[in-house]
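What follows is a short report on a single structure.
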Number of protein chains: 2
Amino acid sequence: MTNNTPVTLKFLAEKLKMSVSTVSKALNNYPTINEYTKKRVQEMARELHFTPNKSAINLKEKKSRIIGIILPNLLDHFFTRSIYGVEQFATQNGYNVIISQSHDDLEKEIQSANMLLRSRVDGLIVAISKHTQDFAHLDQFENMGIPVVYYTRNPSFNLSCHKVLGNTFQGCYKATQFLINRGHKKIAYLGGPKMINFTHDRFNGYINALKDNGVPFSADLVAYTDFDKENTISAIQNLFDNPQNTPTALVAFKEPILFDAIKYLRSINHPNLDQIECIGFGNTSFISYLDSPPIASVEENPESVGENAIKLLLQLINREIDMENYQKVMVDCKLIVHEA
Amino acid sequence: MTNNTPVTLKFLAEKLKMSVSTVSKALNNYPTINEYTKKRVQEMARELHFTPNKSAINLKEKKSRIIGIILPNLLDHFFTRSIYGVEQFATQNGYNVIISQSHDDLEKEIQSANMLLRSRVDGLIVAISKHTQDFAHLDQFENMGIPVVYYTRNPSFNLSCHKVLGNTFQGCYKATQFLINRGHKKIAYLGGPKMINFTHDRFNGYINALKDNGVPFSADLVAYTDFDKENTISAIQNLFDNPQNTPTALVAFKEPILFDAIKYLRSINHPNLDQIECIGFGNTSFISYLDSPPIASVEENPESVGENAIKLLLQLINREIDMENYQKVMVDCKLIVHEA
DNA sequence: TTGTACGCGTTATCAA
DNA sequence: TTGATAACGCGTACAA
């Protein structure tokens, strides 16, 4: 019953008293093989639980049908949701996916890249770590002819690479306009880390929405934070401490930041907190449990971002798009209004 | 600069005008190889970005140094946190990890298993799907001599397999005792799906804590739900609708369920809601944003569960533990009290 | 100290 | 219709 070592073609061939190549062809349904022979082989293979060795096939075919994904963190639902989009489309097309977390550590990212390179992935999808400045470990792939698609977190200064991004400008524009349409004039923008490009793209969406709707811009209504709670609180203090210019609405870079902000405002019993309307990027499922929930969320459609990334990657792998013909794909955001 | 095809040992050998085996030995630091030769080879390898082909090595070594993980869902932080524990210890020991989601779909789980089998993983860690009754796709591994460790979600009736589990009995006991110590006499237990073993283990912990502390048990204080909101609400109605026996505390199977429960009680303005003290399994980071937060959480230590799973698996792989010598490892839970 | 030869499991070409 | 053989990239026993 339990045969300790994997069954190989050779083993099957010996059992069936025929050649390895006939067995191989029978299993792969070659037209030149006798139907009866096929039947015998396939039955025996099933009976003995034959499982082809992928390493051997990879070696022969010089391709692995594996897609590598490097991303910072699986705790962030944006990324896990994006994986779903990648997986769906990848398996449909006969590809498997290997996920590797960098934990926002450059060293770990390099290790992941090398591991995937050794595994000869056919393509790479990557969201770079916070600290990635040098790209040698990722450029290796392209130098070996393996296409790379950057998604979400990408080298913003570098135009010579393939990118799939959420249209964060559009998302922030929509959020701001929604608040304007609800009658707000003093809409604050709480940005994220200034090194991250999205911070500025979103700011531009905010600014443009104000301009297009004739709402005056005030620098007092803009502040920045990172993902640290203390910094968020002091940013919020800056925004809300001026009594003659208190915001009536807030657009925040990310929902976790927004939650910290709201929590702080509640903790100090900020007047009219209930009238302040907030929107953050994320659309966390948790929102329904909050007592002062955001009025809406910017849904970044991570599944769609992932799907677009794998679609582009497969086109590159199949040489339907030239590797030097650098693509930039933008995925629109959607404003989700939360019911009261 | 960009050489389209991967550099092989053969290519290096030609460049250096020596044999493939010398190159191989030089790169693997064989003592019989001249130091100067080693230097030359290693320099050339670096210069040309030589990356050994893992498929070729796997084939040769008859092992992949890859651990497969099959789990239901990456959206559940329990699993993503457990992966962290696995990864840490795996990479320390020179193993890589391939993660595969079943999405609680048996068909997908079978596909994942077959994929990992073809990849000749050296070991498998698996949390089974809700619908896994038949285990043929997982038994294959053991039949091929590949050890399998079930973690968290496991075939509870089957004692002939290796398991690593959270000690959910102990967790629930602790939670209940904590509430008793705070003076509660009417502590409700809101269990999960009755098919899941953990539901009953936790119930036993609850019951035993009551008994050991001389608190009388009342069947009215026990209800069950699944992860569906509607069912949770009707379970809560059953628990709290009897005015002469209203619980003053609640132990819930999982925090998402608990949040639905609390939300409902708030929505109906349940009297004295603020005095009701709740505990759920999970310890979600989100708790700090809630207005009526649980007083404590049962932290299941998923990282530790993952780490114990990989440790056991590596021992099985290294034949330090016999495959037939079935192990059951329990990882204690910790009660986390939330500051006001 | 280096090189030759073989095999890992599979597929493909060509010959029988 | 089937079989022998070479090749994929690498490691290693053995020969030189």
Side-chain angles (χ1 to χ4, degrees), chain A residues 3-42 44-45 48-66 117-122 144-146, chain B residues 3-42 44-45 48-66 117-122 144-146:
Chain A
N3 48 316
N4 253 5
T5 169
V7 176
T8 64
L9 289 186
K10 199 211 276 189
F11 184 79
L12 286 180
E14 279 163 11
K15 278 265 177 201
L16 291 158
K17 296 188 196 310
M18 40 195 211
S19 79
V20 175
S21 59
T22 306
V23 174
S24 168
K25 287 173 193 163
L27 289 174
N28 291 311
N29 243 309
Y30 264 55
T32 70
I33 301 291
N34 185 307
E35 278 305 318
Y36 175 63
T37 309
K38 280 190 195 170
K39 212 151 265 168
R40 279 184 63 215
V41 172
Q42 288 166 359
M44 180 67 79
L48 266 49
H49 298 107
F50 168 75
T51 312
N53 185 322
K54 209 158 183 299
S55 289
I57 296 177
N58 291 172
L59 197 57
K60 190 94 241 291
E61 312 269 282
K62 290 175 162 247
K63 53 190 293 199
S64 60
R65 299 196 80 83
I66 294 178
L117 205 58
R118 278 194 294 275
S119 299
R120 295 287 188 276
V121 293
D122 292 341
M144 278 178 52
I146 302 172
Chain B
N3 48 314
N4 253 6
T5 170
V7 176
T8 65
L9 288 187
K10 198 211 276 191
F11 184 78
L12 286 180
E14 279 162 11
K15 277 266 177 200
L16 291 159
K17 295 184 198 309
M18 39 196 209
S19 78
V20 175
S21 66
T22 306
V23 174
S24 168
K25 288 173 191 163
L27 289 175
N28 290 311
N29 242 311
Y30 264 54
T32 69
I33 299 291
N34 186 306
E35 278 306 318
Y36 175 63
T37 309
K38 279 190 195 169
K39 212 149 265 168
R40 277 183 64 214
V41 173
Q42 288 167 359
M44 181 67 79
L48 266 49
H49 298 105
F50 169 75
T51 312
N53 184 322
K54 208 157 183 299
S55 289
I57 296 176
N58 291 172
L59 198 57
K60 188 96 243 290
E61 312 268 283
K62 291 175 159 246
K63 53 192 290 201
S64 61
R65 298 197 81 81
I66 295 177
L117 205 59
R118 279 193 294 273
S119 300
R120 293 291 187 275
V121 293
D122 292 341
M144 279 179 50
I146 302 171

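A note on names: the letters A, B, ... follow the listed sequences, proteins ahead of strands, and every chain is numbered from 1.
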*Find out whether B/M18 and B/V41 are in side-chain contact, i.e. whether some heavy atom of one side chain is under 4.5 Å from a heavy atom of the other.*
yes
*Does A/N58 use its side chain to pair, donor to acceptor, with the backbone of B/S55 at less than 3.5 Å?*
no
_Per-nucleotide protein contact string for nucleotides 8-16 of chain D, where B marks a base within reach and S marks sugar-phosphate only (heavy atoms under 4.0 Å, - for neither)_ = BBBBBB---
*asked:* I'd like to check A/T5 versus B/M144 (side-chain heavy atoms, cut-off strictly below 4.5 Å). Are they in contact?
replied: no
*Between the side chains of B/K38 and B/N29, does any donor sit under 3.5 Å from an acceptor?*
yes
*asked:* From CG of B/N29 over to C1' of C/dT1, roughly how many Å is that when rounded to an integer?
replied: 15 Å
*Interatomic distance where CG belongs to A/L12 and P belongs to D/dG3 [whole Å]*: 14 Å
*Which whole-number value in Å describes the distance from A/Y36 OH to D/dT2 P?*
11 Å
_Measuring only between side-chain heavy atoms, which start at C-beta, is A/L27 closer than 4.5 Å to A/L12?_
yes
*In whole angstrom, what separates A/K63's NZ from C/dT10's C1'?*
16 Å
*Do A/S21 and A/S24 meet the criterion of a side-chain donor-acceptor pair at a distance under 3.5 Å?*
no
